[in-house]
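One structure is given below, represented as structure tokens, and several questions about it will come after.
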Amino acid sequence: EYEGDRNSEGQRHGFGRARLPNGDTYEGEYECGLRSGNGTYRFKNGALYTGNYLQNKKHGKGVFFYPDGSKYAGDWVDDQRQGYGEYLYANGDTYTGEWANNKRHGHGTYVYKDTGSKYVGCWVNGIQDGPAELIHLNHRFKGRFLSGKPLGRGKFIFDIGCEQHGEYIQPVQEKEEEEDEDEPPLPLEPIWKASEISKLTTWSPLDEELLTPTE
């Protein structure tokens, strides 16, 4: 059922209110029969979207309130979270940064509510990957991440004014005779191997690439 403006062809056009067969409702702008412009869409399951539409798809700026209490405010492209936006998760964590295809992708900051720690750096398809800084209450780690884990050279910087340099090494999985062939072994956590402690320096993951001798 629909009440609102129509064009000369009888299509929904202008401002209107609609109740969809599935129980969802929409109130906002239409163009030639499709949701286009600004509007508010209420889902029967309790979710709500308010923002821009283009040809029935979320497109432009908009805020989505999810049924679990989480919320996304930012850019949309073709019904996907894409561009720049902030996501407040149901557990209180937040992510602010770049998105692509509904996933954290690009540069962004993730804050863990329980510990107050935050990850500032690169993401690939929703996973921590690339140069980053993991900031804790009284120290931080600066280095690189691969598939959500720190790996390779990096340093811990302590607020008392010193640094511990070293690297995260991926331990080799030792296979036991009795292991069931069908079950893949759980990946081992990377191990931190410290090399030296120094005063504060300006090392960053990019410096390592510059220092590599050229043939």
Side-chain angles (χ1 to χ4, degrees), residues 47 49 51-52 54 57-66 68-137 139-157 163-173 183-195 202-212 214:
Y49 171 80
N52 291 111
L54 182 67
K57 292 184 173 177
K58 297 183 282 291
H59 194 96
K61 299 273 183 198
V63 184
F64 200 113
F65 297 88
Y66 296 89
D68 65 0
S70 57
K71 167 189 159 186
Y72 171 80
D75 298 329
W76 298 82
V77 174
D78 206 21
D79 251 354
Q80 308 257 337
R81 295 189 292 273
Q82 181 133 340
Y84 189 88
E86 179 172 337
Y87 200 115
L88 169 65
Y89 294 87
N91 65 359
D93 291 356
T94 59
Y95 171 79
T96 309
E98 295 170 330
W99 295 80
N101 300 320
N102 270 343
K103 292 181 176 174
R104 302 183 290 268
H105 189 88
H107 198 273
T109 299
Y110 191 102
V111 180
Y112 300 87
K113 180 176 179 286
D114 283 353
T115 60
S117 297
K118 63 180 173 181
Y119 173 96
V120 183
C122 296
W123 299 77
V124 177
N125 290 327
I127 294 166
Q128 297 166 344
D129 203 308
E133 220 171 336
L134 192 56
I135 303 164
H136 302 291
L137 201 57
H139 70 284
R140 55 204 162 102
F141 170 75
K142 198 169 187 174
R144 283 182 175 277
F145 281 71
L146 182 70
S147 302
K149 307 277 186 199
L151 203 64
R153 281 177 53 75
K155 64 179 182 179
F156 282 92
I157 305 159
E163 299 179 349
Q164 186 184 66
H165 298 251
E167 62 180 316
Y168 271 103
I169 297 164
Q170 183 65 56
V172 179
Q173 189 87 39
E183 283 196 25
L186 289 171
L188 297 171
E189 290 290 316
I191 294 167
W192 174 252
K193 187 180 173 188
S195 59
T202 55
W203 181 87
S204 82
L206 300 172
D207 295 346
E208 197 173 291
E209 290 163 14
L210 300 172
L211 292 171
T212 309
T214 48

Quiz item: For Y112, does its backbone N or O pair with a side-chain atom of S117 as donor and acceptor, under 3.5 Å?
Solution: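 Checking the backbone N and O of Y112 against the side chain of S117, no donor-acceptor pair under 3.5 Å is found.
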Distance-only criterion, 3.5 Å: show the donor-acceptor pairs between side-chain atoms of residues 57-66 and protein atoms not counting sequence neighbours.
| unit_1 | atom_1 | unit_2 | atom_2 | d |
| --- | --- | --- | --- | --- |
| K57 | NZ | D78 | OD1 | 3.1 |
| K58 | NZ | D79 | OD1 | 3.2 |
| H59 | ND1 | D78 | N | 3.1 |
| K61 | NZ | D75 | OD1 | 2.7 |
| Y66 | OH | R81 | NH1 | 2.8 |

Let me have the donor-acceptor pairs involving side chains of residues 83-92, under 3.5 Å, with sequence neighbours excluded, atom names and distances please.
| unit_1 | atom_1 | unit_2 | atom_2 | d |
| --- | --- | --- | --- | --- |
| Y87 | OH | S70 | OG | 3.3 |
| Y89 | OH | R104 | NH1 | 2.7 |
| N91 | OD1 | D93 | N | 2.9 |
| N91 | ND2 | D93 | OD2 | 3.2 |

Quiz item: Nearest 0.5 Å, what's the OH-NZ distance between Y95 and K103?
Solution: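 One gets 13.0 Å once the value is rounded to the nearest 0.5 Å.
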Quiz item: For the atom pair NE2 (H165) and NZ (K142), what is the distance rounded to the nearest 0.5 Å?
Solution: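 Going from the NE2 atom of H165 to the NZ atom of K142 covers 11.0 Å.
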Quiz item: Stepwise, does the side-chain contact (heavy atoms from CB on, under 4.5 Å) test hold for L151 with R144?
Solution: CA-CA 6 Å; L151 203 64; R144 283 182 175 277; over 6 Å; no
Quiz item: Which distance, rounded to the nearest 0.5 Å, do you find between the OG of S195 and the CD of Q164?
Solution: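 Rounded to the nearest 0.5 Å, the OG-CD separation comes out at 8.0 Å.
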Self-check item: From T94 atom OG1 to Y110 atom OH, the distance as rounded to the nearest 0.5 Å
Solution: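 One gets 8.0 Å once the value is rounded to the nearest 0.5 Å.
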Quiz item: What is the distance from atom CD1 of I191 to atom CD of Q170, rounded to the nearest 0.5 Å?
Solution: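 Going from the CD1 atom of I191 to the CD atom of Q170 covers 8.5 Å.
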Exercise. Kindly compute the distance separating CD (E133) from NZ (K155), expressed to the nearest 0.5 Å.
Key: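 So the gap between those two atoms works out to 8.5 Å.
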Quiz item: Nearest heavy-atom pair of P150 and F141: which atoms, and what distance?
Solution: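 Shortest heavy-atom contact: CB-CE2, 3.8 Å.
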Quiz item: What pair of heavy atoms forms the shortest contact from P190 to K149, and how long is it?
Solution: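 Looks like CG-CB, 3.8 Å.
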Self-check item: Minimum heavy-atom distance R140-I135, with the two atoms named
Solution: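 What the structure gives for the nearest pair is CB-CA, 3.7 Å.
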Practice problem: In sequence, state the C-alpha distance, the side-chain angles, and the governing distance for Q128 and W123, and then conclude on side-chain contact (heavy atoms from CB on, under 4.5 Å). | Solution: CA-CA 5 Å; Q128 297 166 344; W123 299 77; 3.5 Å; yes
Quiz item: Shortest non-hydrogen contact from A132 to C122?
Solution: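 For A132 versus C122, the nearest heavy atoms are CB-N, 4.4 Å.
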Exercise. Look at the aromatic rings of F156 and W192 and report parallel, tilted or perpendicular, splitting at 30° and 60°.
Key: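 Answer is perpendicular, since the angle exceeds 60°.
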